[in-house]
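Order of the sequence lines sets the chain letters (A, B, ...), proteins ahead of strands, with each chain counted from 1.
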Protein chains: 2
Amino acid sequence: MARTQGSHSDITGPKVREAALRLFAEHGYAAVSMRQIAAEVGVQAGALYNYTPDKQHLLFSLLHEHMEGLLAAQAAQPVPEDPVARLEAFCRFHIRQNRARPQAVFISYMELRSLTPEHFAEIGRLRDRYEAGLEAVLKAGQATGAFSVEDTRIATFAVIGLLNAVNVWFREDGRLTLEEVERLHWDMVRRAVSA
Amino acid sequence: MARTQGSHSDITGPKVREAALRLFAEHGYAAVSMRQIAAEVGVQAGALYNYTPDKQHLLFSLLHEHMEGLLAAQAAQPVPEDPVARLEAFCRFHIRQNRARPQAVFISYMELRSLTPEHFAEIGRLRDRYEAGLEAVLKAGQATGAFSVEDTRIATFAVIGLLNAVNVWFREDGRLTLEEVERLHWDMVRRAVSA
DNA sequence: GTCTATACTGAGATAGAC
DNA sequence: GTCTATCTCAGTATAGAC
């Protein structure tokens, strides 16, 4: 054993992040105390400061990691030529990502206002990059005549809003599979923007 | 003068509610202190307890008042016979209401989790009643063949999500009038659910 | 790396003078 | 109805022993 029994940084670190993510998503950043997070992990509050300089940075770091992962996954997706196929790919990808990391997605919408202005700007830039992907698809389809949207910017927000509705009600053990949910929502999006 | 100069309950009461609504919307319920609210109103923290038994009840009371007002306004709307016209009326009404009380709408989505379970259930019931109006329209249109939605429950959430997207970006002094925003969104909703 | 202990600050809420 | 003063508790964060 290269490590002593007392050295748990490689275990405790991830546990701190998981606990914080879960508690922030459930109760909100401001309502969660460092003591609560520590209790969840099974350490004393002071020990958390081996893993984060402060509470604010813990939130920022969770959001940042989530957004970077999202953008990396987006970049790894194949990009069909046809705008309609590209829009379908975006819709399905977005729904799947939302369900794969429900807590991270949740706080990335709810806790932006809990960030310092600098951190807020940083996360905002990453989100804009993600949504720009959708707007580009809508613009491309508008150019080919496949889509008919008067304002691609507004349509972008509308599509995101429609897709995010899934998060309000979807349950893993519900009557619909994720594939069915994807199909139903893609169908609505397609009709909403098609020429 | 029937009142002494020191009696300000008819002035301070509303000011407390306005300040709380504004601060809760801006920073979140948990992040706002009674002292902040008091400072905003221009009194000491202790004086707030002439108007609310505690902070939790203040939030609940704001949400309750908002939902009751929303349902009353909804009930006062004329209800067209034709499902398509009814859906258009709902969409335009929903967007107008959202813009008329942006802060109340915002906390009614964001701060549900800050309510006690009893208060949460109470507000949830009121919201369900509001959204049931939309689902009824979709069902009616489905029956007449005007709409084509596989699942009216899911479509209800999708439509609400699409319409709420307006709140993310709309600015009173932006390039679009509320009428144009209503039309653009009604157009997308109509296409998304039409046969 | 974690603990205990604690400094310091601010929270919600109440009591009693005016 | 509001103020001042205060109680009690919990918050973030740090210091130093182990």
Side-chain angles (χ1 to χ4, degrees), chain A residues 1-24 26-63 107 111 113-116 118-119, chain B residues 1-24 26-63 107 111 113-116 118-119:
Chain A
M1 295 232 289
R3 284 178 179 277
T4 70
Q5 266 198 319
S7 287
H8 294 149
S9 82
D10 46 351
I11 282 263
T12 305
K15 277 175 76 178
V16 168
R17 298 176 65 79
E18 283 158 29
L21 180 64
R22 204 177 61 71
L23 290 170
F24 289 165
E26 191 169 337
H27 306 291
Y29 172 79
V32 171
S33 71
M34 295 299 268
R35 286 193 228 275
Q36 271 178 275
I37 299 170
E40 196 80 357
V41 174
V43 298
Q44 293 300 311
L48 298 181
Y49 293 87
N50 289 314
Y51 304 95
T52 179
D54 52 36
K55 190 186 172 190
Q56 164 70 205
H57 189 88
L58 184 52
L59 173 64
F60 171 68
S61 151
L62 289 170
L63 289 177
I107 66 170
E111 299 298 349
R113 66 175 168 192
S114 300
L115 294 169
T116 60
E118 295 74 22
H119 288 161
Chain B
M1 295 231 289
R3 285 178 177 279
T4 71
Q5 266 199 320
S7 289
H8 294 149
S9 82
D10 47 350
I11 284 261
T12 306
K15 277 175 77 177
V16 168
R17 299 176 64 80
E18 282 159 29
L21 180 64
R22 204 176 62 70
L23 290 170
F24 289 164
E26 190 168 338
H27 306 291
Y29 171 78
V32 171
S33 71
M34 295 298 269
R35 286 177 170 83
Q36 269 178 275
I37 299 171
E40 195 80 358
V41 175
V43 297
Q44 293 301 311
L48 298 181
Y49 292 87
N50 289 314
Y51 303 96
T52 179
D54 51 36
K55 189 185 173 190
Q56 163 70 206
H57 189 87
L58 183 52
L59 173 63
F60 170 69
S61 150
L62 289 170
L63 289 178
I107 66 170
E111 300 298 349
R113 66 175 167 192
S114 301
L115 293 169
T116 60
E118 295 74 23
H119 287 161

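The 5' end of DNA chain D is approached more closely, in terms of each residue's nearest nucleotide, by B:Ala45 than by the other of A:Ala45 and B:Ala45.
What separates CD1 of A:Ile11 from C1' of C:dT2 is a distance of 15 Å, to the nearest Å. One interatomic measurement links the two molecules: OH of A:Tyr29 to P of D:dG11, which rounds to 14 Å at whole-angstrom precision. Between the P atom of C:dA13 and the NZ atom of B:Lys55 lies a distance of 8 Å, rounded to the nearest Å. Taking atom CD of A:Gln36 as the reference point, atom P of D:dA13 lies 15 Å away to the nearest angstrom. Per the geometry, CG belonging to A:Asp54 stands 8 Å off P belonging to D:dT14, to the nearest Å. A straight line from NZ of B:Lys15 to C1' of D:dG1 spans 14 Å, rounded to a whole angstrom. As rounded to whole Å, 11 Å separates atom C1' of D:dG1 from atom CG of B:Asp10. The distance from atom NE2 of B:His57 to atom C1' of C:dA13 is 16 Å, rounded to the nearest whole Å.
Of the candidate nucleotides C:dC3, D:dC3, D:dT12, C:dC3 has the atom nearest to the side chain of A:Val43. Residue A:Ser33 has its side chain nearest to D:dG11 when only C:dT14, D:dT2, D:dG11 are considered. Of the candidates C:dT2, C:dA13, D:dT12, the closest approach to any side-chain atom of B:Met34 belongs to C:dA13. Taking the side chain of A:Arg35 as heavy atoms from C-beta on, and the options D:dA13, D:dG11, D:dC3, the nearest nucleotide is D:dG11. The side chain of A:Gln44 approaches C:dT4 more closely than any other nucleotide in the set C:dT4, C:dG1, D:dT12. Checking C:dT2, D:dT2, C:dA13 against every side-chain atom of A:Asn50, the shortest atom distance belongs to C:dT2. Counting only heavy atoms from C-beta on, B:Tyr49 has its side chain closest to C:dT14 among D:dT12, C:dT14, D:dG1. Comparing C:dA13, C:dC3, D:dC3 against the side chain of A:Ala47 picks out C:dC3 as the nearest.
Ring geometry for B:Tyr29 versus B:Phe24: interplanar angle over 60°, hence perpendicular rather than tilted (30 to 60°).
Rounding to the nearest 0.5 Å places CG of A:Leu63 at 4.5 Å from CD1 of A:Ile107.
Residue B:Thr12 places at least one side-chain N or O closer than 4.0 Å to OP1 or OP2 of D:dT2.
Side-chain contact, A:Thr52 with A:Arg17: no donor N or O sits under 3.5 Å from an acceptor N or O.
A:Gln56 places a side-chain N or O within donor-acceptor distance of the main-chain N or O of A:Ser114, the cut-off being under 3.5 Å. Not one N or O on the side chain of B:Lys15 forms a donor-acceptor pair closer than 3.5 Å with the backbone of B:Asp10.
Residue contacts for B:Val32: at a heavy-atom cut-off of 4.0 Å it reaches the sugar-phosphate backbone alone, with no base atom in range.
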